[in-house]
Every structure is written in structure tokens, then in C-alpha cells.
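A short write-up of the structure that comes next.
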Amino acid sequence: MADTFQLEIATPEQLLVDEQVASAELPGKDGYFGVLAGHAPLLSALGAGVLSFEGGSGGRQVLAVDGGFVEVFENHVRVLADSAEYARQINGDAARRELEEANQKLKTAHETEESEAALRQAERAQARLDALARA
Amino acid sequence: MQQITKAMKMVSAAKLRRAQEHALGSRPYANMMTRVLANVARAAAALDDVPDLPLLEVREEKNIQLILVSSDTGLAGAFNSNLFRMTQKFVEEHAGASLEIEAIGRKGRDHFRRRGYKLSGEHVGIVDKPKYENAREIADKMIERYRKREVDAVYLAVNEFKTTMSSSLVLRKVLPVELPEEKKEEQQIDYIYEQSPEGLLRVLLPRYVELAIYRAMLESISAYHAARMTAMDSASKNAGEVIQDLTLNLNRVRQANITREIIEIVSGAAALA
């Protein structure tokens, strides 16, 4: 069996990654999970978090992703993310400010919808900071 | 004159290329989405109690919502007028239902507002560079209205890009979501589901609607620039013909003047002699 698999990461706007890699770690909605070559077919929703993979042409890569899905099928891992960006493209200060802002909103939110939106924003900002830390 | 139309054609050609790159960029996502959705839908349908999802619920179409994707500017031949004619026909066919238009693009908004149609919303200034956020906003609004039963069906009217020379008019239903049928030869994949198929569908379906609107905006802007290129090309040709006529005319007039002056000089000289 081949010891690599094809990883594709797409957002609605562009195809971000399309290459052979050895391993990947994905932020599933119910927790992180790892994928190696020959993984059984799987479908999962993604949460906001850090996606990393190794063994591609660029070595170890770290991305912040937010929501979406992953499909594992026939040695293909296809990630459909609502948004995704490489750690090296992330502005740490902007992410920190956003986290701050989201936390403020969380304190003052009255309705469930408001606090849910604030929580989502906080998770997104946190994911970007985590990606920076782990790059 | 000719230079202006030629320049406009060049600009449209450049914009068309960019729009097509965007459309190409979103294709992998769209393909994957359709396949995954078909699979999950089948898995969900195989469950003992089929989940009751509001976005799949088919109701009698008493209140119809139409999303009309036109352009902000004209100068593109029959791009908008063909679209409006199709929309008009759709409205006549659904005369029994009340209809509201969500207008994306200035031309469509102006056209249907002038004719007294009810607009549920308008989006001007976003079609030139379609952003996913815009599509998501519109999709959220449509889903919200559908859930609240303010509307019973949502349709999308758009010019889809085929080639530089042609586009096709498309009118399709967005809500309730009609699940994509998978080709027969493809077998059901036995996935491990991290979440329940029903839970996945709940997240997938709104995405599917967002994507449909985003793709429509991309298709429309590509088709628009293609139509504009063709329109500007024939405008350049027309201008060329007009210029040729004018030059011929000018030469004739000038020659007539010269002849007259020569006659005057000659007859003047003759009189003196």
C-alpha cells in the first residue's frame, strides 16, 4: 500500500492545497483526528481549529480552518472548509484583537443568538492564534 | 470612437479572464459538495425515521421568491433584456402566486421596480467582484424566509456562461433543496459517520444554497463580460464602417472644393487675358 495520500483543501473561493502527503491532523467537530494512507472512508463536519499535514513538497504545513467538512475516500482526503488560511498568512495582532473583541461581546450578549455568534468569532480567532503558535 | 469600443472590449476580455479564474477556483469545492451531499442524503434516507428537515420540505407554491442575477452596467447587447424576458415569462406562468424579487445587480432592480414588481431586497455593487460573503448573506436571508414560511419556493434566474460567444439562460429551483441524484454506476460509499447523517445534512444544506447563489454570481459576471466583448466587437466594426463612410465623404467634399477653386482660378485668369 502506498504510504502517502492525496490531500485537497478547498474553500468556496479557491483550491488551496492539492498534493501528496504522508499524514494530516484535522479539527473534527467532535475533536481532532489524524489520517494516514489507507484510512477507511469517513465523513465528518469540521470545527474551527488547526489543520496540519506533513510529508508534502513543502514539509510540515499548518493552516487555520473554520467549519466545513472532510471526506476521506480511496486515499483521497478532501477538505471543504468555509475558510482556510496558511499560518504564515495570519496576522497575530489582528487575531488577538478579534479574540478580545469577541470576548467583550460574549460578556455583554443578552440573547442566545448574539452569544453564539460571539462564541463562533472567538473560536475562529483562537484557531488562528493556535495555528500561529503551532507553525 | 473606435478606440473607445476597442478599449472597452480589452477591459472586458481581462475581466472575463479573472472571472473565469474565480469560477474555476470554486469548481473543486462545488464538485465535492455535490457528491458528498448526494451520499449523505441517501444515507439519511435509509434511516428508519427519515429526518424532517425544513429545507427539504415541499409546499404548495403560493409565495414565490425569485433571485434575479443581472448586471450593474449595460453595454452588453441583449444580456439583460433576454434575462428579463425569461423572468417575465416565468412570472406569467406563475400568475396565481404572489411573487417577490430579490434583485442582484442594478439593471434588474431598475427594470422590475419601474414595472411595479415587489422587491424583497436589492444588491447593487457586488456583482462585479462576487464575494462568498455576499452570497452567504443572501442565502441566509432566503433560508430564513423559507423557514418562516414567508415564501414556499425560491428560484434563481441567471445567465450562465457557456463560451465567449454564447451564454444560456437558466431558471432553477434553489429551495426546497432537490437532492442531487448520483449516477447509477456509482455505488453507495460506506462511510464512517463522525456525526449523524441528519446532523451533517443540517449543516450541508445551507452551504449548498450558499454555493448555488455564489456560483450563479460567478457565472453571471463571466457571461456578462463575454456578452460585452461581443457587443463591443460589433460596435468597433460598426464604428469602422461609419469611419470609412465619413472618410469617403470627406475626400469627396475636399475634392469638390479643390475642383471649384481651380475652376475659379482658371476662369479668373481667362477673364484677365
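These numbers come from a predicted model, not from an experiment. Chain letters run A, B, ... following the sequence lines, proteins first and then strands; every chain starts at 1.
Under the 3.5 Å distance criterion, the side-chain polar atoms of A:Gln14 are left unmatched by any main-chain donor or acceptor of B:Ser26.
Heavy atoms of other residues, nucleotides or ligands lying less than 6.0 angstrom from CD of A:Glu114 number more than 12. With a 6.0 Å radius and a threshold of 12 heavy atoms from other residues, nucleotides or ligands, A:Glu101 has its CD atom above the threshold. In this structure, B:Lys173 places its NZ atom where more than 12 heavy-atom neighbours from other residues, nucleotides or ligands lie under 6.0 Å away. For CD of A:Glu111, the number of neighbouring non-hydrogen atoms (other residues, nucleotides, ligands) closer than 6.0 Å is 12 at most. The environment of A:Arg134 atom CZ is dense: over 12 non-hydrogen atoms of other residues, nucleotides or ligands sit within 6.0 angstrom.
Interface remark: B:Arg27 contributes no atoms to any contact with chain A (heavy atom separation under 4.5 Å). Looking at A:Thr11, only its backbone comes within 4.5 Å of chain B, counting heavy atoms on both sides. Residue B:Tyr214 touches chain A through its side chain alone, counting heavy-atom pairs closer than 4.5 Å.
Scanning all heavy atoms of the two residues, the minimum distance from A:Ala10 to B:Met32 falls at CB-CE, 3.9 Å. Closest approach of A:Ala81 to B:Tyr29, counting heavy atoms only: O-CE1, 3.7 Å.
How far CD1 of B:Ile192 is from NE2 of A:His39: 6.0 Å, rounded to the nearest 0.5 Å. Atom CG of B:Leu200 is separated from atom OG of A:Ser44 by 7.0 Å, given to the nearest 0.5 angstrom.
Contact check for B:Arg207 versus A:Leu80: no side-chain heavy atoms found under the 4.5 Å cut-off.
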Step by step, work out the side chain to side chain contact (heavy atoms under 4.5 Å, CB included) result for A:Phe69 and B:Leu204.
CA-CA 9 Å; A:Phe69 296 88; B:Leu204 262 168; 3.4 Å; yes

